[in-house]
Amino acid sequence: MSDFVRRLFGRRARLRWIHLILGGALAMPYVFVGQLVVGPAMDSRYLFNDLPLQLLSFAVGLPLAAVTAAVFPLTRPLESGAVRALCGVERDRLAYGPARTWAAKRRAAAWFTLHLGFGGIVSGMSLAVPPFAGFLTALPLLVWLGGDELVELPASLDHPWVLALAPVAGVATMLALAGCAAVSGTLLARWAPALLGPAPEDRLAAAEARAADLAVRNRLARELHDSVGHALSAVTLQASAARRVLDTDPEFVREALAAIEDTTRRTVGELDAVLGVLRDGDAPGTAPAPTLAGDLSGLLRRTRACGLRVTATVGIDPEALPPVLSREAYRIVQEGLSNALKHAGDGTSVTLRVEITDGQLEIAVENPLDRAPSCRPGGGHGLRGIADRARLLGGTTEAGPAQGAWRLHVRLPMKGPA
């Protein structure tokens with residue numbers, strides 16, 4: 001019993017009733033236009049007093065509503081918003097954008113016609129039934145108080161049993177109204193996904209938007225990992241070394257603190273550049289992204305200050321590299337040195353080689369195999385990020401043991417996809 005009452009008068013039923021009333025309100029202009037057509041055709045000036053002519057006007061107006069929905073693409077998103085808010089239909093089952101294809105417009109027109117048709121009928125019942133039901137419910141009391149002077153019943157209804165059943169008939173009439181509204185709302189909620197749901201073109205556009213969003217997120221995560229992760233590793237090692245010799249070598253401690261200050265200051269600038277990746281253009285005052293041409297020497301200096309013995313061989317002029325290639329190459333070198341710093345530790349000898357071979361930029365980072373990067377839990381993001389950068393530029397990546405050393409080898413075409 002409680003479930004039956006909830007279906008008729010629960011919150012969802014009430015919201016769907018409001019949705020139907022909204023449809024009835026939207027139907028009124030089309031009914032008025034239908035009256036302008038039906039009135040002269042039926043040679044009648046008093047349509048408001050003639051229920052059949054009112055229904056005929058309503059039937060004439062519905063095709064006009066369908067035409068309106070087919071002509072205006074925004075009908076679908078407006079109706080979808082109302083369905084999401086009032087009918088309890090899941091958001092992902094309805095389309096968000098305007099109807100562009102004729103198939104989508106036809107479905108939107110069919111939905112709009114159904115909404116206004118059911119809404120007009122339920123709205124008319126909602127206006128007429130409650131006063132009638134209230135009169136039936138109060139009829140015995142009115143007869144008892146005023147007799148024939150207050151209520152004059154037809155002779156066929158002037159019976160005691162009619163008065164006894166009048167309240168029951170009033171309640172039944174209200175229940176019938178609630179049932180009609182509940183059934184109409186349920187039918188519209190079931191038909192909404194088929195008529196207002198996304199077309200294949202809409203699903204493709206949504207998938208492309210999600211892919212673009214994921215690409216932006218992955219790029220941001222990669223940039224943050226390479227820039228901020230390298231700085232944190234360097235600062236951690238410098239602080240650890242300074243702590244160990246705090247009482248015995250104050251000069252080294254001062255140099256370590258200066259290196260930490262320089263690293264953190266530069267990382268703040270790089271963080272601004274990383275966040276600028278998500279903008280259409282760099283905002284005024286945003287630090288440029290580091291490149292191989294302008295920032296390699298500083299990267300080597302800071303890495304050596306952390307304890308790595310880096311031997312760098314640069315067989316190219318970094319200034320001659322394209323900006324995109326120079327920026328991505330810097331990140332790859334930075335991540336390669338950062339991996340050696342984190343996993344091999346200070347005091348490790350690292351060999352860096354950057355040169356051009358067969359029209360491709362080669363980057364190689366090597367350190368002894370006995371102090372190779374380890375696969376620790378949660379690791380592996382750095383090498384994955386290097387592989388992603390190389391793949392986006394049309395290059396290749398190799399990482400692993402090679403001739404007694406751990407070797408990272410990246411080849412990037414000088415001219416490739418940006």
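The first residue in the sequence is number 1, and the count goes up from there.
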Notebook entry, point to check: Between Arg384 and Asp388, is there a salt bridge with N-O shorter than 4.0 Å?
Noted result: no
Item checked: Basic-acidic side-chain contact under 4.0 Å: Glu251, Arg254 -> yes
Check: Under 6.0 Å from the CD atom of Glu398, do we count more than 12 heavy atoms belonging to anything else shown?
Finding: no
Check: Do other residues, nucleotides or ligands put more than 12 heavy atoms under 6.0 Å from the CG atom of Asp317?
Finding: yes
Next item on the list: Might you point out which heavy atoms bring Leu94 and Ala192 nearest each other, and give the distance in Å?
Entry: CD2-O, 3.9 Å
Next item on the list: Decide if atom CZ of Phe9 counts as having more than 12 heavy atoms of other residues, nucleotides or ligands within a radius under 6.0 Å.
Entry: yes
Item checked: Smallest separation among heavy atoms of Gln360 and Pro413, with atom names -> CG-CA, 4.0 Å
Notebook entry, point to check: Checking side-chain contact (heavy atoms from CB on, under 4.5 Å) for the pair Leu321/Met414: CA distance, chi angles, key distance, verdict?
Noted result: CA-CA 8 Å; Leu321 296 176; Met414 295 295 293; 3.6 Å; yes
Notebook entry, point to check: Looking only at side chains, do Arg411 and Thr396 share a donor and an acceptor under 3.5 Å apart?
Noted result: no
Notebook entry, point to check: When rounded to the nearest 0.5 angstrom, what distance separates CD1 in Ile386 from CD in Gln334?
Noted result: 10.0 Å
Notebook entry, point to check: Which is it for Leu177 and Thr173 under the side-chain contact (heavy atoms from CB on, under 4.5 Å) test, yes or no, and what are the steps along the way?
Noted result: CA-CA 6 Å; Leu177 171 60; Thr173 305; 6.0 Å; no
Next item on the list: Test side-chain contact (heavy atoms from CB on, under 4.5 Å) on Trp111 and Arg107 and set out the steps.
Entry: CA-CA 6 Å; Trp111 165 264; Arg107 290 194 299 269; over 6 Å; no
Next item on the list: Locate the shortest heavy-atom distance separating Gly34 from Val60; write the atom from each residue and the value.
Entry: CA-CG1, 4.0 Å
